[in-house]
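A quick write-up on the structure given underneath.
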Amino acid sequence: MAEACSAAKEPRVHQLRSGEEYQQDIFREWRRSVVRRFYRTRNLLKNGTWPASIWNLGFMVLCLSVCMLGDWDLVRPINARLLILPAYLYIPEGCPLILKSIIVSTVVGFVFFLVLLYVRRYMLRGLLAYRGWMYEQPKTQSYSTILWGVLVKVVSGYSPSLYSCQRSLPRMPVPTVQETLSRLLKSLRPLYDENSKEWKSICKNAEDFEKSLAHKLQRVLILKSWWSQNYVTDWWEKYVYLMGRSPLPINSNYYIMDQSYFMPTTFQTARTANAVYQYLKFKQLIDREKLEPLLIRRTIPVCMAQYERVFSTTRIPGEDNDTLYHVDSALSKHLVVYRKGYMYKVDVYDNQGKILQPQSIEKLLQWIIDDADSELDSISDSAKSISALTGIERPTWAKVRAEQFSSGVNKDSLDIVESAIFCVTLHHENRDDFSSRAKFLMCGDGKSIWFDKSLNVITFPNGRMGLNCEHSYADAPVLAHLAEYNMTEESLELCGFDEKGHFIDSDSQQVFVKPQRLVWEMNNDLSTAIKSAQLTVTQNINDIDLIVKEFNLYGKGFMKSCKISPDAYIQMALQLTYYRNAGKFALTYESSMTRLYLLGRTDTVRSVTTESTKFVRAYFDKEKSAQEKITLLKRACDIHQTQYRDAMNGKAIDRHLFALYVVSKGMGYVSYSVAIDCHLFVLYVVSKGMGYVSYSVAIDHHLFVLYVVSKRMGYVSYSVAIDHHLFALYVVSKGMGYECDFLKHALTIPWTLSTSQQPQQQIPTSPDCNNIEFQNVLCPGGGFGPVSDDGYGVSYMIPGDRKLFFHVSSKISTKATNSSLFMDQLFDTFREMKELLESQK
């Protein structure tokens, strides 16, 4: 079997010497099991009693016991009432006073503790539902907001663990239908002539939809919001991510780069070993729930649920929909390392259950490099390229997986890969500049990245590294937090490298297991599938035009000095650049987090507004004065900033429209029982139709077809086209004979410009981004592929007051797009905007 197959060479390994040592191993495993159960029980109690704590219960019981045993005048009225309780608790009359006091105080204290717990929890949930603080600047907050902040601090518990705040987070509100449709029309208004028949038709159809079907769907959605933790997140993960049928690279997965110029070492094995070690420490903090939860302004908690599946998670392909396979930490103890076509299982815990030290990991990685480089011709090219299968269309990969990996050695090897903590790629060629390195991190070379894995760590011979991340289980800020954890340790030079860049050998010797090379059983059908997959992935890679550059003329410092939000400033620059590039406006979205709510993920900020289009037109109008342009710019930025805040507060329209769409198919008038019992509501969605085969969520052509089956009720097929970012109010309800021309038209509008800002600093102890000596260690962030074939994907990082980083992607096959030209025009726009603003100072 695959685990028994290993190479001839091996690193130095300590062997078990006797039966006594074997018994010690059994004892160690039992001890590890006890420790795991202890941590889980402790965390369960801590999270269940937060924002109160067990100490509150103990203190209350102690005070009541003292009161009952004491005979002070002050506590006699309390004792008189407490002494009535023994009769109700069936305590014998002859019971000693001390025992009676302990029993009564424990019962009464426990009741008071429960009251205190739920009063504090619901009070905190109510306080956290307040959003006035977001619309005020930190230095000019109102007295009411300051008082609110004090109350949050007082009611909150101390030292929360990773998931302690979850039960105190408010649930995401469901916007009203009127608000959503009004904002939708407002976002579409700049794209149409007010007197055109098309615009009048959209408005009329919107009015008809609101009067007929919308409120029926809304009532069911409100019902779902009552019994579910989040009214949209479960549907979002299933229907938008896991039912996407197009390849993961470019269309779904994203990448994260390392530091811009700084490297802690130039040795690949040392840098990789340190990264692996730091990530395993981060995993340990998650497993033990010791990772500090993130707080906005050191007061407001955000949802941390996405951290649960960062490690030991794999996206399993299916013909109709994928599934997420997560392995418990007690069972997932290894990595899978790829080198020149060979894959190795590497156990990263010693025989005592402790994480291997980076010195030991470095030796294991060096052994893998030596072994793989010496065995280049021992297996076929197809066997070396087996990872290419994870980069093709999901139904095709699912079919190959079912036929070729369901039994025997292939199943064993696949199980090892899918149960790994994460995968590591030790690439053998350098990518020296930002753009080429970013492109490799995004899509590899067609055969060296297992795209189904939640996390791939990719390193290069010169010590550079980065991450490739699967998107369905978590959003980019979560993995950026992980990357920042490692980069902070490296930047502060806390890794323990010697002068040459290797790890200093430790005096203590760890017992570890040698790497095991995975073996794949090849046949003609599998070889043909792999060659076809590699050809498909390579063609997709060659069609990507990705440019990553640093803009160092100024950063957010100048923008804030002009009293403009940096994010809004950049969004207006992007609007100017696209108009200059294409000569028209395009529907644009920017992702915004909704993690202020329980299980929140993201929603959409629609950057094209009436105010932004007025500014863009005025900017290119030579007859407009500089002051007029600046006034319009600030007005457009204020509107954008308000929209961004609204999106964070659950007031955006796109997730609401998506949820209404899912409800329309569930009611469907296919199975009305969804409004009564969610377990009767089972949907299957297949991304087909409209001539598109690409990924459905913010990644490809924006159009996909939902195929819905309510299995429990025995109903079949209703299909409709849906646009990823309108996400789909009900387009065609054939069962009712109702067709909404308004939504049908709106869903076909492409999202040509997709944008996202990446967080630079989420850890309070990370070095200050504005510190001069740390400018070289700033991270350029990460990026993603273009959402639309004829559009751009733009990701940007704002690392302090002095510089910006941009990632621009597009398709080479589309003649209307050019990432290099767009980037150059964007930088020209930034220079011109600075000159414009400085001209009036």
Side-chain angles (χ1 to χ4, degrees), residues 134-141 183 186-187 189-191 194 549-590 592 605-647 753 755-757 770 792 794 796-806 808 822-841:
M134 190 180 293
Y135 296 89
E136 299 175 358
Q137 296 298 322
K139 295 182 180 179
T140 58
Q141 288 182 335
R183 293 183 185 215
K186 190 175 180 180
S187 71
R189 173 65 190 84
L191 302 175
E194 184 176 357
K549 282 188 178 181
E550 171 189 351
F551 180 79
N552 53 23
L553 182 61
Y554 62 92
K556 70 177 181 181
F558 170 75
M559 304 172 195
K560 295 174 72 173
S561 70
C562 299
K563 297 182 180 180
I564 299 177
S565 160
D567 181 73
Y569 185 102
I570 292 173
Q571 285 293 323
M572 293 308 109
L574 289 170
Q575 290 302 311
L576 285 172
T577 303
Y578 187 81
Y579 191 83
R580 175 179 294 174
N581 182 274
K584 60 181 180 180
F585 296 106
L587 204 58
T588 306
Y589 79 79
E590 177 188 7
S592 169
V605 181
R606 293 169 171 248
S607 301
V608 176
T609 61
T610 301
E611 291 76 14
S612 71
T613 55
K614 287 181 179 179
F615 161 66
V616 171
R617 289 191 175 99
Y619 183 87
F620 291 106
D621 187 348
K622 296 181 180 180
E623 295 182 1
K624 298 292 185 181
S625 66
Q627 186 57 52
E628 286 180 288
K629 296 176 182 179
I630 292 173
T631 300
L632 291 172
L633 168 63
K634 291 187 175 182
R635 174 60 179 162
C637 288
D638 289 342
I639 293 298
H640 181 85
Q641 190 175 17
T642 300
Q643 284 193 147
Y644 197 98
R645 290 164 172 165
D646 288 344
L753 190 59
T755 69
S756 179
Q757 180 189 169
N770 293 315
Y792 294 97
V794 181
Y796 53 93
M797 175 73 77
I798 310 176
D801 294 340
R802 298 180 180 86
K803 63 174 67 176
L804 305 168
F805 290 101
F806 285 89
V808 177
F822 189 92
M823 185 76 79
D824 292 340
Q825 292 174 331
L826 178 61
F827 285 11
D828 288 341
T829 300
F830 276 116
R831 296 186 188 96
E832 294 172 3
M833 290 178 68
K834 185 174 187 291
E835 293 173 0
L836 173 66
L837 290 164
E838 287 180 334
S839 68
Q840 298 300 306
K841 283 190 176 182

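Put simply, the side chain of Tyr792 does not reach to within 4.5 Å of the side chain of Met823, judged on heavy atoms. In this structure, Leu553 and Phe830 have side chains that are not in contact, with every pair of non-hydrogen atoms separated by 4.5 Å or more. At least one side-chain heavy atom of Thr610 sits less than 4.5 Å from a side-chain heavy atom of Lys614. At least one side-chain heavy atom of Met559 sits less than 4.5 Å from a side-chain heavy atom of Leu804. Side-chain contact between Ile570 and Phe806: present, with at least one pair of heavy atoms (C-beta onward) separated by less than 4.5 Å.
Partners of Glu611 according to the side-chain contact (heavy atoms from CB on, under 4.5 Å) rule, which considers only residues two or more places apart in sequence or in another chain, are Thr609, Arg635, Ala636, Ile639. A search for side-chain contact (heavy atoms from CB on, under 4.5 Å) contacts involving Thr631 returns Gln627, not counting sequence neighbours. Take Tyr554 and apply the ring-ring contact (aromatic ring centres under 6.0 Å, His included) test, not counting sequence neighbours, and it matches Phe551, Phe558. Applying the side chain to side chain donor-acceptor pair (under 3.5 Å) test to Lys834 and every residue at least two apart in sequence or in another chain returns Glu838. With sequence neighbours left out, Ser625 forms a side chain to side chain donor-acceptor pair (under 3.5 Å) with Glu628. Considering only residues two or more places apart in sequence or on other chains, Arg189 meets the side chain to side chain donor-acceptor pair (under 3.5 Å) condition with Glu194. For Tyr569, there are no ring-ring contact (aromatic ring centres under 6.0 Å, His included) partners at least two apart in sequence or on another chain. Asp801 meets the side chain to side chain donor-acceptor pair (under 3.5 Å) test with Asn770; sequence neighbours excluded.
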List, one per line, each side-chain donor-acceptor pair under 3.5 Å for residues 572-580, sequence neighbours excluded.
{"from": "Gln575", "atom 1": "NE2", "to": "Thr588", "atom 2": "OG1", "distance (Å)": "3.1"}
{"from": "Thr577", "atom 1": "OG1", "to": "Ala573", "atom 2": "O", "distance (Å)": "2.8"}
{"from": "Thr577", "atom 1": "OG1", "to": "Thr829", "atom 2": "OG1", "distance (Å)": "3.1"}
{"from": "Arg580", "atom 1": "NH2", "to": "Glu832", "atom 2": "OE1", "distance (Å)": "2.7"}

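Ser607 and Gln571 make their closest contact through OG-OE1, 2.8 Å (heavy atoms, listed as atom of the first residue, atom of the second, distance). A pairwise comparison of heavy atoms in Pro190 and Thr613 identifies CB-CG2, 3.7 Å as the closest pair. Closest non-hydrogen pair, Val605 versus Ala647, comes out as CG2-CB, 3.8 Å. Counting all heavy atoms, side chain and backbone alike, Ile630 lies closest to Leu836 at CD1-O, 3.5 Å.
For residues 637-646, the set of pairs meeting the side-chain hydrogen bond (donor to acceptor under 3.5 Å, both in side chains) definition, not counting sequence neighbours, comprises Tyr135-Asp646, Asp567-His640, Glu590-His640. The salt bridge (Lys or Arg N to Asp or Glu O under 4.0 Å) analysis of residues 549-559, with sequence neighbours excluded, yields the pairs Lys549-Asp824, Glu550-Lys803.
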